[in-house]
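Every heavy atom of this structure was used, including side-chain atoms; hydrogens, water molecules and symmetry mates were not.
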Amino acid sequence: MELGDSTAVIPDSFIGYRDDITMQMSMILDQIRAPLIVPVLRLGVYICLTMSVMLFVERVYMGIVISLVKLFGRKPEKRFKWEPMKDDIELGNSVYPMVLVQIPMYNEREVYQLSIGAACGLSWPSDRIVVQVLDDSTDPTIKDLVEMECSRWASKGVNIKYEIRDNRNGYKAGALKEGMKKSYVKSCDYVAIFDADFQPEPDFLWRTVPFLQHNPKLALVQARWKFVNSDECLMTRMQEMSLDYHFTVEQEVGSSTYAFFGFNGTAGLWRISALNEAGGWKDRTTVEDMDLAVRASLKGWKFLYLGSLKVKNELPSTFKAYRYQQHRWSCGPANLFRKMAFEIMTNKNVTLWKKVHVIYSFFVVRKLVAHIVTFIFYCVILPATVLVPEVSVPKWGAVYIPSVITLLNAVGTPRSLHLMVFWILFENVMSLHRTKATFIGLLEGGRVNEWIVTEKLGDLKAKSATKAPKKLLRFRFGDR
């Protein structure tokens, strides 16, 4: 090769060696193809088709139930006794139950004012409500800001308590547990819980408290989430599609049939006696809310989902934040199933059908099968069958069932039907993270108790209303 010549000459001996390796690999694959690869792949197809049918039946069942509920079902105010709270001249404000409002937070610089302001703005007799800010912040500057905000509302006559800990043991569950130990909580009947980015409307308590007040077997009233930044970017629209199905169908069906569903961890009102009877907050998994709901249900308590009551909140607007959130939401339920499956099966306080619903429908199909089949079948098995033509997948399993499941998932957000293709691709990408997290939870892997607080950016609509320069807005959205 002459100096300056950019063309490298590959020796013939190297080419021959490379061809030998390729031929050897091809021979090895041909030898193990029939006795190993084909049977294993065929077994994988059978297993995945079984899981697909399980998921399909579950989705169709919920579709039928939600249709019947919408057409013939009675409103929550008719199914449960509900009467507006009335004044009593003789008893005065003591006729109103004492309500505790808990706001757990951790370094929430962007949203602490929104959540504290919304909680302090709840309409309820001022001597019958306590707002408790549980601040686990490690940033001293943010701690000072939160404390000053609490002091500002206290100076206006609001009964607000600022509580801190010297550790973060148990994360959110630990903070809520410590908050329930305070002496002033003993006089409270109900507790409303709002994460740091949630902003309840002033009438939240007037609409939820009567349900618990007039129905002694009811433990929880869960409100629906309303996303303030769903139109921020394509990723938030994808999240909206998934979560709208969860609230519109899954929560509604659970509430209407078995009076059981998973507590969403926020925007809910609990009966404190039910919370205590169930064993209080436990930090053994990263889904302390679901843990509490399952234990309360096993004690015979009922839950109500109030879809007409919406609480504003924020969706993760960066992929990193969303990925951490989904790890927690996928790993936690799998780990909780591992810890509670036997307890649920041997429980004597609930019916057999409710046990089947909780174990099979709630845990196995929705929390395990849904994640595993999406990744293993659609991202691994189906592409592999293209390379191994000896193994075929029936059309009903490869096309019809996935199409029906996808369409049923989309009913919660009709305005986003035109984004269906993007949603399918997005869900397939996320299925890898969710499946990995599910197996970590089932096997109690190294990241089983990983808790990373979801990054929040504040009310984007309010911020955009301040009229920041258009150039700056384009940069921020593009950056995300």
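- Listed here is the closest heavy atom pair of Cys150 and Ile160: O-CG2, 3.4 Å.
- Of the possible polar contacts, one joining the Asn409 side chain to the Ile405 backbone as a donor-acceptor pair under 3.5 Å is found.
- Around the NZ atom of Lys355, the shell of radius 6.0 Å holds more than 12 heavy atoms that belong to other residues, nucleotides or ligands.
- Side chains of Tyr61 and Thr257 form a contact here, defined as non-hydrogen atoms less than 4.5 Å apart.
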Review point. Yes or no on side-chain contact (heavy atoms from CB on, under 4.5 Å) for Val131 and Lys161, after CA distance, side-chain angles and deciding distance?
Key: CA-CA 6 Å; Val131 177; Lys161 308 290 184 182; over 6 Å; no
Review point. For Val453 and Glu108, what are the C-alpha separation, side-chain angles and deciding distance, and is it a side-chain contact (heavy atoms from CB on, under 4.5 Å)?
Key: CA-CA 10 Å; Val453 176; Glu108 308 287 4; 3.7 Å; yes
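- Separation of atoms CZ (Phe426) and CD (Gln239) is listed at 5.5 Å; rounding is to 0.5 Å.
- The environment of Tyr378 atom OH is dense: over 12 non-hydrogen atoms of other residues, nucleotides or ligands sit within 6.0 angstrom.
- For the pair Lys436 and Phe375, the minimum side-chain heavy-atom distance is 4.5 Å or more.
- Considering only heavy atoms from C-beta on, Leu205 comes within 4.5 Å of Ile129 through its side chain.
- When atom types are taken as modelled, the side chain of Thr413 and the backbone of Ser416 share no donor-acceptor pair closer than 3.5 angstrom.
- Side-chain contact between Met180 and Leu176: absent, with no pair of heavy atoms (C-beta onward) separated by less than 4.5 Å.
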Exercise for review: Given side-chain hydrogen bond (donor to acceptor under 3.5 Å, both in side chains), test Trp329 with Gln325 step by step and report yes or no.
Suggested key: CA-CA 6 Å; Trp329 287 5; Gln325 181 198 69; 5.4 Å; no
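- Distance alone, capped at 3.5 Å, places no donor-acceptor pair between the Arg447 side chain and the Trp451 backbone.
- Judged by distance alone, with hydrogens and angles left aside, the side-chain atoms of Gln222 form a donor-acceptor pair with the main-chain N or O of Ala267 at under 3.5 Å.
- A cation-pi arrangement, defined by a distance under 6.0 Å to the six-membered ring centre and an angle within 45 degrees of its axis, is absent between Lys312 and Phe227.
- For NZ of Lys302, the number of neighbouring non-hydrogen atoms (other residues, nucleotides, ligands) closer than 6.0 Å is 12 at most.
- Within the 3.5 Å criterion, the main-chain N or O of Val287 finds no donor-acceptor partner in the side chain of Arg328.
- Between the side chain of Asp135 and the backbone N or O of Ser137, at least one donor-acceptor pair lies under 3.5 Å.
- Side-chain contact between Arg59 and Val249 is absent, with no heavy atoms from C-beta onward closer than 4.5 Å.
- Here the closest heavy-atom approach between residue Glu232 and residue Thr236 is recorded as N-OG1, 3.5 Å.
- More than 12 heavy atoms of other residues, nucleotides or ligands lie within 6.0 Å of OH in Tyr184, so this atom counts as buried by the packing criterion.
- In terms of modelled atom types and a separation under 3.5 Å, the side chain of Ser297 and the main chain of Val294 share no donor-acceptor contact.
- Within the 4.5 Å cutoff, the side chain of Val99 has heavy atoms near those of the Val209 side chain.
- The closest donor-acceptor contact from the side chain of Gln251 to the backbone of Gly262 lies under 3.5 Å.
- Seen from the ring of Phe337, Lys367 does not count as a face-on cation partner, given the 6.0 Å and 45° thresholds.
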Practice item. Decide side-chain hydrogen bond (donor to acceptor under 3.5 Å, both in side chains) for Asn313 and Gln199; before the verdict, give the C-alpha distance in whole Å, the side-chain angles of both, and the deciding distance to 0.1 Å. Key: CA-CA 6 Å; Asn313 73 297; Gln199 305 164 54; over 6 Å; no
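- With respect to Asp136 and Lys172, no salt bridge is recorded, no charged nitrogen being found less than 4.0 Å from a carboxylate O.
- Shortest non-hydrogen contact noted between Gly265 and Ile193 is O-CG2, 3.7 Å.
- Residues Val146 and Val133 are in side-chain contact: their nearest non-hydrogen atoms beyond the backbone lie under 4.5 Å apart.
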Review point. Can you list the steps and then say if Phe362 with Phe260 is a ring-ring contact (aromatic ring centres under 6.0 Å, His included)?
Key: CA-CA 10 Å; Phe362 183 76; Phe260 167 79; 5.2 Å; yes
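- Both tests hold for Arg168 against Tyr106: distance to the six-membered ring centre under 6.0 Å, angle to the ring axis within 45°.
- Below 30°, between 30° and 60°, or above 60°: for Trp225 and Phe198 the angle between ring planes is above 60°, a perpendicular geometry.
- The two residues Pro97 and Trp124 have their closest heavy-atom pair at O-NE1, 3.3 Å.
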**Study point:** Intermediate values then yes/no, side-chain hydrogen bond (donor to acceptor under 3.5 Å, both in side chains), Thr374 and Glu427
**Key:** CA-CA 8 Å; Thr374 303; Glu427 286 296 297; over 6 Å; no
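- The only option from Tyr258, Trp270, Phe263 that meets the ring pair (Phe, Tyr, Trp, His ring centres under 6.0 Å) definition with Phe303 turns out to be Trp270.
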Check your understanding: Does the side-chain hydrogen bond (donor to acceptor under 3.5 Å, both in side chains) test come out yes or no for Trp423 and Ser242, once each step is laid out?
Key -> CA-CA 9 Å; Trp423 180 77; Ser242 298; 3.1 Å; yes
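- Asp189 and Arg271 are not joined by a salt bridge, as no carboxylate oxygen comes within less than 4.0 angstrom of a charged side-chain nitrogen.
- Between Leu298 and Arg295, the closest side-chain pair of non-hydrogen atoms is not below 4.5 Å.
- The minimum heavy-atom distance between Cys379 and Ser431, with the atom names listed, is SG-OG, 4.0 Å.
- The backbone N or O of Thr138 lies less than 3.5 Å from a partner atom in the side chain of Asn107, making a donor-acceptor pair.
- Counting non-hydrogen atoms of other residues, nucleotides and ligands closer than 6.0 Å to OH of Tyr400 gives a total of 12 or fewer.
- Here the straight-line distance linking atom CE of Met85 with atom CZ of Arg128 works out to 9.5 Å at 0.5 Å rounding.
- Taking the six-membered ring for Trp and the full ring otherwise, the centers of Phe194 and Phe204 sit less than 6.0 Å from each other.
- The backbone N or O of Asn169 lies less than 3.5 Å from a partner atom in the side chain of Asn167, making a donor-acceptor pair.
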Point to revise | side-chain contact (heavy atoms from CB on, under 4.5 Å) evaluation trace for Met340 with Asp291 | key: CA-CA 9 Å; Met340 291 202 68; Asp291 189 346; 3.9 Å; yes
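- No more than 12 heavy atoms of other residues, nucleotides or ligands sit less than 6.0 Å from atom NZ of Lys226.
- Between Asp244 and Arg415 there is no salt bridge, since none of the side-chain N atoms of the basic residue sits less than 4.0 Å from a carboxylate O of the acidic one.
- Electrostatic pairing of Glu163 and Lys181 does not count as a salt bridge here, judged by no charged N lying under 4.0 Å from a carboxylate O.
- For Arg366 and Glu58, the salt-bridge test passes: some basic side-chain N is under 4.0 Å from an acidic carboxylate O.
- Closest non-hydrogen pair, Cys48 versus Ile381, comes out as SG-CG1, 3.9 Å.
- Ring to ring, Tyr190 and Phe211 are not that close: their centroids are 6.0 angstrom or more apart.
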Exercise for review: Test Ile452 against His327 for side-chain contact (heavy atoms from CB on, under 4.5 Å), laying out the working first.
Suggested key: CA-CA 10 Å; Ile452 297 177; His327 174 86; over 6 Å; no
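- Remark: aromatic rings of Tyr96 and Trp206 are close, center separation under 6.0 Å.
- Tyr171 and Asp283 share no side-chain donor-acceptor pair at under 3.5 Å.
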